[in-house]
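Written below as structure tokens is the structure these notes are about.
One-based numbering, in listed order, for ligands and for the atoms of each. What you see below is based on every heavy atom in this structure, not just the backbone, and it leaves out hydrogens, waters and symmetry mates.
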Amino acid sequence: MKKVLYIDCCIRRENSRTKKLADRFLHNLEQKGDYEITHLCLMDENLGCLTEGFFQQRQELLEKNELDHPRFRYAWQFQQADRIVIAAPFWDLAFPALLKVYLENVSVDGITFGCAESGLYGTCKSEKMVFLTTRGGNYKNSPLEMGSRYLEALCEFFGIDEYIEIAADGLDEGKECPEEILQRSMDAIDVVTENF
Ligand SMILES: Cc1cc2nc3c(=O)[nH]c(=O)nc-3n(C[C@H](O)[C@H](O)[C@H](O)COP(=O)(O)O)c2cc1C
């Protein structure tokens, strides 16, 4: 059984088109039956930004190497997963700040990455990370797109070999029927989940 961590940042929940992609992805995995899926809904978590006392506590725990503190549970969960699936819409050229706050909690020296004389190295178990997103405009290969490119870089940082983006672009442009755009992403999902 592969342990899949599904990180749900589909803020509009049932109205979210990104969630439709995630539902298809997870449905396909469930059909295959060889996956243990954990659904982490970021909207239901009480995630804190690194400010004031919350930041200070982290520094003190890291200095004492107390990595078993409950506040590091997100980092351990991420580090232990065999596969990572992230779903989030395209907001303000990237993704919602809620996902960044989560990633800030996940990025912990000694858990998801390590530090050697030669530099930083990733320590996550997962071999693959998938990012599912939908965008109002078309940002394919655009330097203005900062969400997916950031996550791809983060994969390398965390030591995750393969990054896969499945994006439905141009949903709000009115140039093409949104259902047709979404269908193409569903087809891409069917291919990726064949061998995930
Ligand atoms: C707060 C907010 C910010 C957005 N920013 C952008 C943007 O910068 N560029 C863009 O093309 N679309 C933008 N959109 C449109 C969304 O990317 C698009 O509607 C997407 O499909 C929404 O995903 P959802 O249905 O999963 O919520 C934004 C939408 C919202 C609500």
Give a yes or no on whether the ring-centroid distance for Phe78 and Phe158 is below 6.0 angstrom. yes
Looking only at side-chain N and O atoms, does Ser148 offer a donor or acceptor that is under 3.5 Å from a partner on Glu165? yes
Note: Arg83-Glu127 ion pair, threshold 4.0 Å (strictly below): yes
Do the side chains of Asp169 and Lys175 get close enough for a salt bridge, i.e. N-O under 4.0 angstrom? no
Yes or no on salt bridge (Lys or Arg N to Asp or Glu O under 4.0 Å) for Lys32 and Glu194, after CA distance, side-chain angles and deciding distance? CA-CA 9 Å; Lys32 289 179 75 183; Glu194 275 291 307; over 6 Å; no
Phe157: partners by ring pair (Phe, Tyr, Trp, His ring centres under 6.0 Å), with sequence neighbours left out: Phe113
Protein neighbours of ligand 1 with a heavy atom under 4.0 Å, given by chain and number, are Arg12, Ser16, Arg17, Thr18, Pro89, Phe90, Trp91, Asp92, Leu93, Thr134, Arg135, Gly136, Gly137, Tyr139, Leu171, Asp172
